[in-house]
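Note that the structure is a prediction, hence the values are computed from the model and not measured. Throughout, numbering of the chain's residues begins at 1 and tracks the sequence.
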Amino acid sequence: MGSLSIWHWLIIAAVFVMFFGAKRMPDAARSLGRSLRIFKSEVSQMQNESSSAQTSAAPVQQPAAELPQASAVQPTVAQPQAEPQAQPKSL
């Protein structure tokens, strides 16, 4: 009782033909096929991009001798210069 028999499928097909007409059915099937091909190509492209991203994202470890050394010279921060104090004018 849970599965559809051949009679059920024939009734469903007849309803589709009545709703859409025999002329529109090939166009609808063609459009559906084209959409599925586009969807399939996009999914495969996404899988290719994700697999290439995983291989390029793998960290490359360098030996300790090749790692850049920190410079011994510390950067200096410019100190603001004290402005000369204005002398009060005598009257």
List the atom pairs, with distances to 0.1 Å, where a side-chain N or O of residues 8-20 and a protein N or O form a donor-acceptor pair under 3.5 Å, not counting sequence neighbours.
unit_1: H8; atom_1: ND1; unit_2: S5; atom_2: N; d: 3.0
unit_1: H8; atom_1: ND1; unit_2: S5; atom_2: OG; d: 3.1

*Restricting to pairs with a member in residues 27-42, which pass side chain to side chain donor-acceptor pair (under 3.5 Å), not counting sequence neighbours?*
D27-R30
*Other hydrophobic cluster members with L36, side-chain heavy atoms of Ile/Leu/Val/Met/Phe/Trp/Tyr under 4.5 Å, chained?*
L32
_Given V43, which partner from the list Q47, M46, Q45 fulfils the side-chain contact (heavy atoms from CB on, under 4.5 Å) test?_
Q47
